[in-house]
Every structure is written in C-alpha cells, then in structure tokens.
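Let me begin by presenting the structure, written as structure tokens, before commenting on it.
Just so it is clear: chains get the letters A, B, ... in the order the sequence lines come, proteins before strands, and each one is counted from 1. Side chains included, hydrogens not; waters and symmetry mates left out as well; all remaining heavy atoms used.
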2 protein chains.
Amino acid sequence: MISLSTPPRSAFSDGVQRDIDKIVETTVYLYTESRRLTKEVARARNLTGPQLTVVKMLQHLGDLSLSELSERIRAGNSTVSGIIDRMEREELVRRVRSKEDRRVVHIKLTEKGRSLAASVPIAPMEIFQAAIASLEAEEMATVLRILLKLAGRIDELVQASNTPQSEP
Amino acid sequence: MISLSTPPRSAFSDGVQRDIDKIVETTVYLYTESRRLTKEVARARNLTGPQLTVVKMLQHLGDLSLSELSERIRAGNSTVSGIIDRMEREELVRRVRSKEDRRVVHIKLTEKGRSLAASVPIAPMEIFQAAIASLEAEEMATVLRILLKLAGRIDELVQASNTPQSEP
DNA sequence: ATCACTTACTTCGTATACGAAGTATTATTC
DNA sequence: GAATAATACTTCGTATACGAAGTAAGTGAT
C-alpha cells in the first residue's frame with residue numbers, strides 16, 4: 001500500500017521537521033496497521049480483508065444494497081460489485097433484486113456467511129477503537145481537536161492549490 | 001480504498017463512542033485525502049499516484065535500488081517491480097544493473113522523468129506536512145505524543161490477540 | 001572450493017480499486 | 001405519455017497490491 005512523503009526541503013528546524021515526519025509516519029502507521037490486522041484476521045478464515053469487512057458489516061447492519069455497502073466501506077460500486085461476485089462464488093452472500101426498485105440489489109448473508117461472521121469475535125477495527133478508548137478523556141478530546149484542525153487545514157490548502165498555477 | 005469499522009456494540013457512553021469514531025474517521029480521512037491528492041496531481045501529468053511518488057522520490061534522493069524504493073513507498077518488491085515496468089515503458093525511468101552487486105537494480109530517472117518531476121511544484125504529501133507545520137508547537141508535540149501512545153497501545157493489543165483464542 | 005543459505009529481483013495468480021462505458025429501471029419534464 | 005434525465009448496477013481495461021515460487025548472485029560455514 002503506497003503512501004509517503006518525499007523528504008522535505010525543509011523550511012523548518014530539524015527538530016520540527018522530525019516531529020512533522022513522525023506525525024505523518026504515525027498516522028500512516030495507524031491506518032496501515034489497521035488494514036493489516038483486518039487482513040490477518042480474514043486470512044485465518046480464508047477471506048480477504050474487504051470480504052471480512054463486508055461480512056461483519058452485514059452481520060451488524062443486516063441486508064444492504066450494493067450502493068449502501070459501497071458507501072460504508074468507502075469504495076466504488078464497481079469495486080464492490082467485484083467483491084460481491086467473488087463472495088457469491090464462495091456462497092458467503094446472495095444477490096437479491098429489490099421488489100420496490102428493480103434497479104437495486106440487496107446483498108444478503110447466507111448461512112455460511114452468517115456463521116463465518118459469528119466466528120470472528122471482534123471486528124478488526126475495534127482494536128483501533130479499543131486503543132483510542134484507552135486514552136485519558138482529556139487526551140482523546142485533545143487529539144480529536146487537533147486532528148480535526150489538521151483536516152480543516154488540509155481542506156484549505158487543497159482549495160488554495162486548486163486555483164493557481166499550471167506548468168509544462 | 002477500503003477501510004472502516006462496523007459499528008460498535010459499545011461499552012462506552014455515546015459521547016465517548018462518538019469521539020472514538022470521529023478519531024478513527026479523521027485518521028482515515030487524513031490518510032485517504034493524502035492519497036487522493038497525490039492521485040489528482042498525478043492525473044494532470046498523465047501519471048498514477050504511485051508513479052508520481054516514485055518520480056518525486058528519485059528527484060529528491062537520486063537513484064535508488066528497487067528494494068530501497070519499495071521500502072520508502074512501503075510496498076512489496078513485486079508491486080514496485082510492476083510499477084517500474086510501466087514507468088520504463090513510458091520512458092520515465094531506466095533500470096540499470098549494479099556493478100558492485102549484480103543482483104541489485106538501480107532505478108534512474110530519464111530526462112523525461114526528470115523534467116516531469118520538475119513540473120510538479122510540491123510533493124503532494126507536503127500539503128499534509130504543511131498542515132501539520134501550521135499547528136502550534138505545543139499542539140504538535142501533544143498530537144505526536146498521543147499518536148505514538150496509540151500506536152504503542154495497538155501493538156500491545158495485537159500481541160495480546162495473537163496468543164489466545166481460535167474458533168470453528 | 002562446495003554446499004547451504006540468504007538476498008535482490010522477477011513472474012504469476014488473484015484480489016482489490018477506479019473510471020468510463022453500457023444496461024436496465026425509475027423519475028422528471030414537457 | 002413519450003422523450004429526457006437520473007439512478008443502480010455491471011462490465012471492461014488498466015494499475016496497484018500481495019504472496020508464492022522462481023532465478024540469479026552474493027555470503028557463510030566447513
């Protein structure tokens with residue numbers, strides 16, 4: 001999974017730049033480690049990461065349309081369509097056309113899918129959540145505030161960089 | 001890009017759970033937004049995200065072996081080998097076998113690759129870095145401390161969950 | 001030197017992942 | 001109510017992404 005910075009031609013002191021790099025690195029780590037975890041848990045059940053995510057999602061939320069599923073796992077319809085293809089092949093889910101709106105496809109867990117879901121004690125993402133939960137209340141509030149500030153700042157910078165230059 | 005939690009059968013108060021979800025969400029956002037940005041910038045140059053990352057990496061660091069490149073962009077050798085295949089096809093880079101160690105392949109920017117790199121004003125990841133740099137010194141220190149704590153906690157939890165149970 | 005081992009990389013098979021284009025169905029507009 | 005637009009999904013082409021297996025080239029131990 002690709003990510004990552006080219007090193008900085010820094011305008012900051014070495015110490016600050018090191019902190020910045022460390023924050024980037026840790027954020028990436030938290031994200032990738034969560035995915036790695038999902039994958040590892042999935043592997044033990046002969047599933048892929050996304051497939052496990054889908055199974056747990058359906059277990060918790062009940063049947064979902066393909067679009068709803070796409071939205072929840074933040075992937076495009078075409079991606080999820082493929083995932084469901086393979087899950088149907090493994091008889092983990094079934095596609096059922098909606099009667100109200102015949103464009104819609106509901107994804108339903110099969111018995112096999114349901115028992116598989118039951119065999120996974122916690123959703124992998126819950127490890128991340130548990131870690132966060134172990135923070136002091138104040139730390140949690142602080143980190144949330146700063147992360148949101150970061151996200152907001154990035155939005156601004158993106159806005160800004162969307163207007164100006166263009167090169168050869 | 002898949003991610004994401006199934007909803008919590010929460011052991012926490014609603015407020016705390018909402019904070020936890022928000023932190024997860026924001027972390028994922030920061031990561032995925034960075035990737036989206038890379039992709040967007042790359043697209044304008046007829047490159048893919050990873051290809052742009054490679055180009056800027058080589059520009060800043062000079063020639064790298066394929067393994068060094070893999071490590072830097074946190075991807076496996078086989079993945080990077082494919083990326084380099086396509087970049088070679090586009091004449092952005094060349095493979096040059098090392099003379100000291102004939103197993104090693106050095107990846108070198110071509111002229112085309114170099115001028116393309118020059119046409120990208122800032123590495124996309126630098127937007128993330130710029131956002132972080134805009135934090136107060138104290139906030140930066142705090143968020144770093146807490147993120148590291150989180151990362152450490154996750155490591156512990158992973159250790160713990162790697163020893164015990166196993167199900168049908 | 002020789003054999004086992006490791007390392008650096010490639011190749012292959014499969015699974016995401018996305019966007020563009022296509023199909024079917026529903027909603028809207030006139 | 002027929003033409004048009006929008007929606008839900010699928011299909012296709014291409015690019016990651018990974019692990020397993022393969023190849024070639026160093027390293028070690030004896």
Legend entry - Closest nucleotide among D/dA15, D/dC18, C/dT26 to the A/Arg102 side chain: C/dT26
Inset, instruction - Kindly point out which of C/dC18, D/dA20, D/dT10 is positioned nearest to the side chain of A/Asn77? - result: D/dT10
To the nearest Å, how far apart are [X] [atom1] and [N] [atom2]?
X: B/Lys39; N: D/dT16; atom1: NZ; atom2: P; answer: 10 Å
X: B/Leu64; N: C/dC9; atom1: CG; atom2: P; answer: 11 Å
X: B/Glu90; N: D/dT14; atom1: CD; atom2: P; answer: 12 Å
X: B/Met87; N: D/dT14; atom1: CE; atom2: C1'; answer: 16 Å
X: B/Leu66; N: D/dT23; atom1: CG; atom2: C1'; answer: 15 Å
X: B/Arg103; N: D/dA25; atom1: CZ; atom2: P; answer: 10 Å
X: A/Asn46; N: D/dG19; atom1: CG; atom2: C1'; answer: 14 Å
X: B/Gln51; N: D/dT14; atom1: CD; atom2: C1'; answer: 11 Å

Inset, instruction - Just jot down the side chain to side chain contact (heavy atoms under 4.5 Å, CB included) partners of B/Asp101, sequence neighbours excluded, or say none. - result: B/Ser98, B/Arg103, B/Val104
Does [X] have any side-chain hydrogen bond (donor to acceptor under 3.5 Å, both in side chains) partners at least two apart in sequence or in another chain, and if so, which?
X: A/Glu139; value: B/Arg145, B/Lys149
X: B/Glu111; value: B/Arg114
X: B/Lys112; value: none
X: A/Thr48; value: none

Please confirm whether the shortest side-chain N or O distance from [X] to OP1 or OP2 of [N] is below 4.0 Å.
X: B/Arg36; N: C/dC18; result: no
X: A/Ser81; N: D/dT10; result: yes
X: B/Arg74; N: D/dC18; result: no
X: B/Arg35; N: D/dA17; result: yes

Inset, instruction - Indicate whether the side chain of B/Thr32 and that of A/Arg74 have a donor and an acceptor atom separated by less than 3.5 Å. - result: no
Inset, instruction - Select base, sugar-phosphate, or nothing to describe what B/Asp101 touches, counting heavy atoms under 4.0 Å on all strands. - result: sugar-phosphate
Inset, instruction - Select base, sugar-phosphate, or nothing to describe what A/Ser78 touches, counting heavy atoms under 4.0 Å on all strands. - result: base
Inset, instruction - Give a yes or no on whether A/Arg95 atom CZ has more than 12 heavy-atom contacts from other residues, nucleotides or ligands under 6.0 Å away. - result: yes
Inset, instruction - Output the residues of residues 92-100 of chain A in contact with DNA chain D, where contact means a heavy atom of the residue under 4.0 Å from an atom of the strand; sort by number or write none. - result: A/Arg95
